[in-house]
Amino acid sequence: MKAVPKIGLDGLYIEDVIQDDSFTGVVHIYAQPEPEEAPALPEDEEIKDEPDVSEEPEQPREIIGYLVGIPLPAGLYHPRFDLLAWNAYQDAVLEAQSDYADELHDWREQWAEGEEQGPEPVYTPPVQPDNLWIEGLTPEEIAELTKPGELSEIEMLKKENMLLKAQNNAITERADFIEDIIAEMAMQIYQ
């Protein structure tokens with residue numbers, strides 16, 4: 001199992017979800033359809049075991065986000081997955097597969113007709129772009145977040161946590177010292 005980024009329709013990172021290790025690519029997340037309430041049956045009517053055959057056609061489900069099997073790089077303040085670049089890459093993959101299928105078909109026809117063949121075609125997939133995860137904040141927003149001199153709430157909490165740990169250690173050492181003194185006094189009294 002591995003953590004996989006979940007993104008919204010705008011490509012912005014939402015959270016990680018756990019998926020199988022073999023999960024790759026980009027997959028739609030669909031909204032859950034609202035369950036329809038069954039009509040109330042009169043008390044004297046029997047329940048039929050057979051379902052109603054005249055069902056309405058299923059409505060297309062609404063896409064509410066995506067699961068992305070491409071690892072999230074470190075160092076981004078508000079990561080955004082470039083869905084346009086991903087779709088362009090997927091189009092290139094489909095085109096390469098189609099070209100390979102055409103070349104293989106032509107090569108096999110040459111063999112069937114007894115013509116001299118060259119080497120068997122080899123499928124070469126396009127290279128996946130390495131910049132699919134991009135920064136979701138503007139440089140101005142990043143500058144605002146990283147202003148020197150002002151401590152963020154997290155930085156203040158880290159400092160307070162460090163101070164409380166130091167105070168806790170001092171109290172623990174003092175309690176140990178007092179315990180040692182009491183034990184030494186008890187040994188002198190009871191000798």
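Worth saying up front: this structure is predicted, and the values here are computed from it rather than measured.
- Cluster annotation: L76 and L83 are assigned to the same hydrophobic cluster (Ile/Leu/Val/Met/Phe/Trp/Tyr, side-chain heavy-atom contacts under 4.5 Å, transitive).
- Side-chain atoms of D20 do not come within 3.5 Å of backbone N or O of F23 as any donor-acceptor pair.
- Atom OH of Y123 has more than 12 heavy atoms from other residues, nucleotides or ligands within 6.0 Å.
- For the atom pair CE of M162 and CG of L157, the computed distance is 12.0 Å after rounding to the nearest 0.5 Å.
- Counted within 6.0 Å of NZ on K159, heavy atoms from surrounding residues, nucleotides or ligands total 12 or fewer; the atom is thus considered open.
- The shortest heavy-atom contact between L72 and P79 is CD1-CB, 3.4 Å.
- Judged by distance alone, the side chain of E135 and the main-chain N or O of R80 form no donor-acceptor pair under 3.5 Å.
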Below 3.5 Å, can you tabulate the donor-acceptor pairs from side chains in residues 177-188 to any protein atom, sequence neighbours excluded?
none

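- Between the side chain of N168 and the main chain of L164, no donor-acceptor pair closer than 3.5 Å is present.
- Between the W133 side chain and the P71 main chain, a donor and an acceptor come within less than 3.5 Å of each other.
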>> Using the rule given for side chain to side chain contact (heavy atoms under 4.5 Å, CB included), can you reason through V4 versus K2, listing the C-alpha separation, both sets of side-chain angles and the distance that settles it, and then say yes or no?
In response: CA-CA 6 Å; V4 172; K2 67 179 179 180; 4.0 Å; yes
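- By the criterion of side-chain heavy atoms lying less than 4.5 angstrom apart, applied directly or through intervening Ile, Leu, Val, Met, Phe, Trp or Tyr residues, V27 is grouped together with I29 in one hydrophobic cluster.
- Between N161 and K165 the shortest side-chain heavy-atom distance falls below 4.5 Å.
- Transitive grouping of hydrophobic side chains (ILVMFWY, heavy atoms separated by less than 4.5 Å) brings L132 and I7 into a common cluster.
- Inter-residue side-chain proximity for V26 and Q90 is flagged as unmet; no heavy-atom pair is nearer than 4.5 Å.
- Taken together through direct or relayed side-chain contacts under 4.5 Å among Ile, Leu, Val, Met, Phe, Trp and Tyr, I70 and Y89 form part of one hydrophobic cluster.
- In this structure, Y66 has its ring center under 6.0 Å from that of H28.
- Taking the six-membered ring for Trp and thresholds of 30 and 60 degrees, W86 and F81 have ring planes inclined between 30 and 60 degrees apart.
- Here the NZ-CD1 distance, from K6 to I64, works out to 6.0 Å after rounding to the nearest 0.5 Å.
- Going from atom OG1 of T24 over to atom CG of L67 covers 12.0 Å, rounded to the nearest 0.5 Å.
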>> side chain to side chain contact (heavy atoms under 4.5 Å, CB included) for K158 and E155? Distances and angles first, verdict last.
In response: CA-CA 5 Å; K158 284 181 180 178; E155 294 295 324; 4.2 Å; yes
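- Residue-environment remark: CD (E113) exceeds the threshold of 12 foreign heavy atoms within 6.0 Å.
- Atom CD of Q32 sits in a sparse spot, with 12 or fewer heavy atoms from other residues, nucleotides or ligands closer than 6.0 Å.
- Side-chain contact between L9 and I63 is present, with heavy atoms from C-beta onward closer than 4.5 Å.
- Put simply, V68 and Y30 are part of the same group of oily side chains (I, L, V, M, F, W, Y) that touch within less than 4.5 Å, one to the next.
- Under the 4.5 Å side-chain criterion, counting only non-hydrogen atoms from C-beta, D99 is not in contact with Q97.
- Taking all atoms of both residues into account, the shortest heavy-atom contact from G118 to W107 is O-NE1, 2.9 Å.
- Within 6.0 Å of the CD1 atom in I154, the count of heavy atoms belonging to other residues, nucleotides or ligands does not exceed 12.
- Without hydrogens or angle criteria, D21 side chain to M1 main chain gives a donor-acceptor distance under 3.5 Å.
- To the nearest 0.5 Å, atom CG of residue L104 and atom CD of residue E109 are 10.5 Å apart.
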>> If you apply the rule side chain to side chain contact (heavy atoms under 4.5 Å, CB included), what do you find for T172 with D176, and how did you get there?
In response: CA-CA 6 Å; T172 303; D176 291 345; 4.1 Å; yes
